[in-house]
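Encoded as structure tokens, the structure appears first; notes follow it.
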Amino acid sequence: MADTAVSVPRRSPLAGAADRLAAVTRSSGGAVRLAELPFLAQVNLRLDAKGAAADAVGLALGLSLPLEPNTVVRAGELTVLWLGPDEWLVVGPPDTQRDVEHRIRAAAGDEHIAVTDVSAQRTTLLVSGARAPELLAHGCPLDLHPRAFGPGRCAQTTLARAQVVLVARDEPGAGFWVLVRSSFAGYLTDWLLDAAAEYVQES
């Protein structure tokens, strides 16, 4: 029997906001850049940081799991965020979550770990540009000065009262990732667009 299932194109939580984000990016003259990075693989990992699984998983991912609170380690296309003493978030390119999860489980063997694919739970907003820290500071309680929250740092915090994971990217000029639950993504995008209005140049 022929497969009659209807294939529905995947739609990101902020697909309808792409034009508005791009418009603010253009009209700010480089002060801020706003964009969605949809469908990034996100795999939550819990294990004993001092156990054998930690080294094995790190080797399988090509990096060492970050042990310093609120830090990030990046290797190739994978970024690992420290979320707690025994918890990390592995972020990778779209549609790689199954591969990441398989690599982690295979490396851990019989060691006690917890691996959960949370890719559908959040989307990611890119906030960069010269005024990005100032823009985020309007709604975030953290000190975002580079001396306090420089490249390679991350934190679970709030932005405009929405729970987010904030990441200061370590590539030059890469700005910040804002990982937000899909159900709050539209609200937070509206807030960012409103807050960015002061950087828009009059034509």
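On a predicted model such as this, the values are computed, not experimentally measured, just so you know. What you see below is based on every heavy atom in this structure, not just the backbone, and it leaves out hydrogens, waters and symmetry mates.
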Using the rule that two of Ile, Leu, Val, Met, Phe, Trp, Tyr join whenever any of their side-chain heavy atoms come within less than 4.5 Å, decide whether [X] and [Y] are in one cluster.
| X | Y | result |
| --- | --- | --- |
| V180 | V167 | no |
| V118 | L40 | yes |
| V164 | F176 | yes |
| L126 | F39 | no |
| Y187 | W177 | no |

Side chains of [X] and [Y], heavy atoms from C-beta outward: is any pair under 4.5 Å?
| X | Y | result |
| --- | --- | --- |
| W88 | L83 | no |
| H112 | D48 | no |
| P38 | L14 | no |
| W82 | N70 | yes |
| D95 | R10 | yes |
| S64 | V73 | no |
| L47 | L65 | yes |
| L34 | V127 | yes |

Salt bridge (charged side-chain N to carboxylate O under 4.0 Å, His left out) contacts in which one or both residues fall within residues 161-171, not counting sequence neighbours: R74-D170, R74-E171, R169-E171

Side-chain ion pair, R98 and D117, N-O less than 4.0 Å: no

Mind checking the [atom1]-[atom2] spacing from [X] to [Y]? Nearest 0.5 Å is all I need.
| X | Y | atom1 | atom2 | value |
| --- | --- | --- | --- | --- |
| T116 | E101 | OG1 | CD | 7.5 Å |
| F184 | T189 | CZ | OG1 | 13.0 Å |
| L81 | N44 | CG | CG | 10.0 Å |
| L166 | T157 | CG | OG1 | 7.0 Å |

Stepwise side-chain contact (heavy atoms from CB on, under 4.5 Å) check, L192 with V24: CA-CA 10 Å; L192 284 168; V24 166; over 6 Å; no

Contact summary for [X] and [Y], nearest pair of heavy atoms:
| X | Y | value |
| --- | --- | --- |
| E36 | L21 | N-CD1, 4.0 Å |
| A132 | V32 | N-CG1, 4.4 Å |
| L136 | L159 | O-CD1, 3.5 Å |
| G175 | S128 | CA-CB, 3.8 Å |
| P13 | A185 | CB-CB, 4.2 Å |
| A196 | L135 | N-CD1, 3.7 Å |

Does a sphere of radius 6.0 Å around [atom1] in [X] hold more than 12 heavy atoms from other residues, nucleotides or ligands, not counting ones at 6.0 Å or beyond?
| X | atom1 | result |
| --- | --- | --- |
| R103 | CZ | yes |
| E87 | CD | yes |
| F149 | CZ | yes |
| H102 | NE2 | no |

Whether [X] side chain and [Y] backbone form a donor-acceptor pair below 3.5 Å:
| X | Y | result |
| --- | --- | --- |
| R153 | A168 | no |
| R131 | Y199 | no |
| E111 | A52 | no |
| T124 | V178 | no |
| T123 | S182 | no |

Stepwise side-chain contact (heavy atoms from CB on, under 4.5 Å) test for R122 and L89: CA-CA 12 Å; R122 304 186 189 95; L89 184 68; 3.6 Å; yes

From CA spacing to verdict: side-chain contact (heavy atoms from CB on, under 4.5 Å), V80, L45: CA-CA 10 Å; V80 181; L45 169 64; over 6 Å; no

Worked verdict on R181 versus Q121 for side-chain contact (heavy atoms from CB on, under 4.5 Å): CA-CA 6 Å; R181 289 185 181 273; Q121 186 185 77; 3.2 Å; yes

